[in-house]
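Taking it in order: structure first as structure tokens, then the write-up.
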Amino acid sequence: MLTPQLLQANLLNRMQPVEQGSQRLLSLVSTGSIDFAFIGILDEVKDPNLVVNYFANSTFKTID
């Protein structure tokens, strides 16, 4: 989990959460409007200006 590490480093209280869709968050990171984002995305992020770290991979199902 990331939250305990952020708490231990005394960083969590310095963050301002921004809740948007994945594409919007990716756009905000790309333009420098926000420092980083945790996003769920289906395709690989191909932006040479971003450092992308994948930390989870899972399958999902849709129910019609």
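- Side-chain contact check for Q23 versus I41: some heavy-atom pair is nearer than 4.5 Å.
- The side-chain heavy atoms of Q16 and I34, taken from C-beta on, include no pair separated by under 4.5 Å.
- In this structure, L50 and S30 have side chains that are in contact, with non-hydrogen atoms separated by less than 4.5 Å.
- Hydrophobic cluster membership differs between V45 and F36, with clusters built from Ile, Leu, Val, Met, Phe, Trp and Tyr side chains linked at under 4.5 angstrom.
- The heavy-atom pair separating S22 from G40 by the smallest distance is OG-O, 2.7 Å.
- In plain terms, the two heavy atoms of L25 and Q20 that are nearest each other are CD1-O, 3.6 Å.
- T31 contributes a side-chain N or O that, together with a main-chain N or O of S27, makes up a donor-acceptor pair within less than 3.5 Å.
- Linking ILVMFWY side-chain heavy atoms closer than 4.5 Å, directly or via other members, places F55 and L6 in a single hydrophobic cluster.
- Atoms CG and CG, from N13 and L11 in turn, are 8.0 Å apart once rounded to the nearest 0.5 Å.
- Once rounded to the nearest 0.5 Å, the distance linking CZ of F38 with CG of N53 reads 9.5 Å.
- With values rounded to the nearest 0.5 angstrom, L26 atom CG is found 5.0 Å from I39 atom CD1.
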